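In what follows, chains are A, B, ... by sequence order, proteins preceding strands, each numbered from 1. Computed from a prediction, not measured in an experiment: that's the story for all the values here.
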Protein chains: 2
Amino acid sequence: MDRVDRILQQWARERPELDTRSMGLLGRMKRLATHLGREVEQVLQSHGLSSSSFDVLATLRRSGAPYRMSPGDLLEMTMVSSGTMTNRIDQLEKSGLVERVINPHDRRSVLIALTDKGLGIIDEAVFAHVANQKRLTETLDDDEKAALDALLRKFLAAFE
Amino acid sequence: MDRVDRILQQWARERPELDTRSMGLLGRMKRLATHLGREVEQVLQSHGLSSSSFDVLATLRRSGAPYRMSPGDLLEMTMVSSGTMTNRIDQLEKSGLVERVINPHDRRSVLIALTDKGLGIIDEAVFAHVANQKRLTETLDDDEKAALDALLRKFLAAFE
DNA sequence: GCGATGTGTCTTGACGTCAAGATAAATCGG
DNA sequence: CCGATTTATCTTGACGTCAAGACACATCGC
């Protein structure tokens, strides 16, 4: 009997004709995602990053040397709008973690390049981040993690 | 091989020592929550609501007649800060869906009351909302939904 | 070549959110 | 009773986000 169960119970009393069978599942997913996001944010904050800026730096880092991508490619990886991406890049550029360099092959566009400072910070932050992710999933044993991952994979496939 | 798998693959190439076993699970959860949130938002928008305002109205509605709660109680149900709740109430009050009435038992506080208009809107919106939730979970069969719900319940219990 | 169309990026304006602190009223201790 | 403390709500300021559109350059068709 968790908080979500109590919500379903209230609906059953007030609007008994509602088919709330999916509501519990989606409600738990939303609450869990909120909790997890806040936990993740806290660890990144101790490295001077938000999960927004972390996403951009991590995307550049894992693309491999020379750690350069166009804003458009970054956009595609991160599920945000173009305006949001401009904001994120502006902020990272001000902090000296990335820089805009001209794209020799297409003068309409720029390339976002990780600086040495940015590379150092993301390499430290991602190490702490994966340790934190491991901690956050500790309540599930290996079989449960595998089962959950498989279900989420199937569910997610419906949207991407 | 979905988008999350590709991310893990990149990390394995660039930073093979990283233990990314939890990263896939949490990444899928985050992406899924984002997709689901956007889908939910679209349906609510067609009733003139955001998921923020829907949350408040739904919380009042399922509390039962006379559909009144203090801002503090609403806060507790919705995982947001007090400033956010004030904003939401302000906006709903401007739209005439709730009103602030004095609390006869505690003059420090107010009660947020659903108006007739608010009651009508939330009753329609929640009906469309549950139908939408049902649609969004259609890719999973009943057993899968039950298994996923059980795993999410256990996972969520670690945080609330 | 060159005008029309397409593409990549940035700007603008409106929201939603949080943290921290301000304000007002109830309650507690003596 | 009355000052001190606690509690409930709201205010402020800073961010992050999106949708829609502006702008600059590339490319296509003639």
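One can place CG of A/D90 at 8 Å from C1' of C/dC10, the figure rounded to the nearest angstrom. Separating the CG atom of B/D106 from the P atom of C/dA25 is a distance of 11 Å, rounded to the nearest angstrom. A straight line from CD1 of A/I89 to C1' of C/dT9 spans 9 Å, rounded to a whole angstrom. A straight line from CG of A/N103 to P of C/dT7 spans 17 Å, rounded to a whole angstrom.
Closest-nucleotide positions on DNA chain C for A/R108 and A/T84 were compared, and the one nearer the 5' end corresponds to A/R108.
Pairs of residues two or more places apart, or lying in two chains, that qualify as ring-ring contact (aromatic ring centres under 6.0 Å, His included) and include a residue from residues 14-45 of chain A are A/H35-B/F159. For residues 8-28 of chain A, no pair satisfies ring-ring contact (aromatic ring centres under 6.0 Å, His included), with sequence neighbours left out. Each ring-ring contact (aromatic ring centres under 6.0 Å, His included) pair with one or both residues in residues 111-148 of chain A, not counting sequence neighbours, appears once here: A/F54-A/H129.
Near DNA chain D, defined here as any heavy-atom distance below 4.0 Å, the residues from residues 42-77 of chain B are B/S70, B/P71, B/G72, listed numerically.
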Give each protein N/O atom lying under 3.5 Å from an N/O atom of nucleotides 2-5 of chain C, with the pair distance.
none

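Listed by chain and number, the residues in a side chain to side chain contact (heavy atoms under 4.5 Å, CB included) with B/Q42 amount to none (sequence neighbours excluded). Residues meeting the side chain to side chain contact (heavy atoms under 4.5 Å, CB included) test with B/T59, sequence neighbours left out: B/R62, B/M69, B/L74, B/M77, B/T78. Every residue meeting the side chain to side chain contact (heavy atoms under 4.5 Å, CB included) condition with A/D141, not counting sequence neighbours, appears here in chain and number order: A/D143, A/E144. B/E76 meets the salt bridge (charged side-chain N to carboxylate O under 4.0 Å, His left out) test with no other residue; sequence neighbours excluded. In this view, A/S82 and A/L75 satisfy the side chain to side chain contact (heavy atoms under 4.5 Å, CB included) rule, not counting sequence neighbours.
Ionic pairing of A/D90 and A/R100 is present here: one or more N-O contacts between side-chain nitrogen and carboxylate oxygen are shorter than 4.0 angstrom. Between A/R21 and B/D149, none of the side-chain N atoms (NZ, or NE/NH1/NH2) sits under 4.0 Å from a carboxylate O, so this pair counts as no salt bridge.
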| request: Walk me through it: do A/D5 and A/R28 pass the test salt bridge (Lys or Arg N to Asp or Glu O under 4.0 Å)? | output: CA-CA 10 Å; A/D5 284 325; A/R28 289 192 176 90; 2.9 Å; yes
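Backbone-only engagement by B/S109 is indicated by non-hydrogen atom pairs under 4.0 Å involving sugar-phosphate atoms exclusively.
Looking at DNA chain D, the stems built from 3 or more consecutive Watson-Crick or G-U wobble pairs, each pair with its key distances under 3.5 Å, are C:1-30 with D:1-30.
Nucleotides of DNA chain D with any atom under 4.0 Å from a heavy atom of chain B span, from 5' to 3', D/dT7 to D/dC18.
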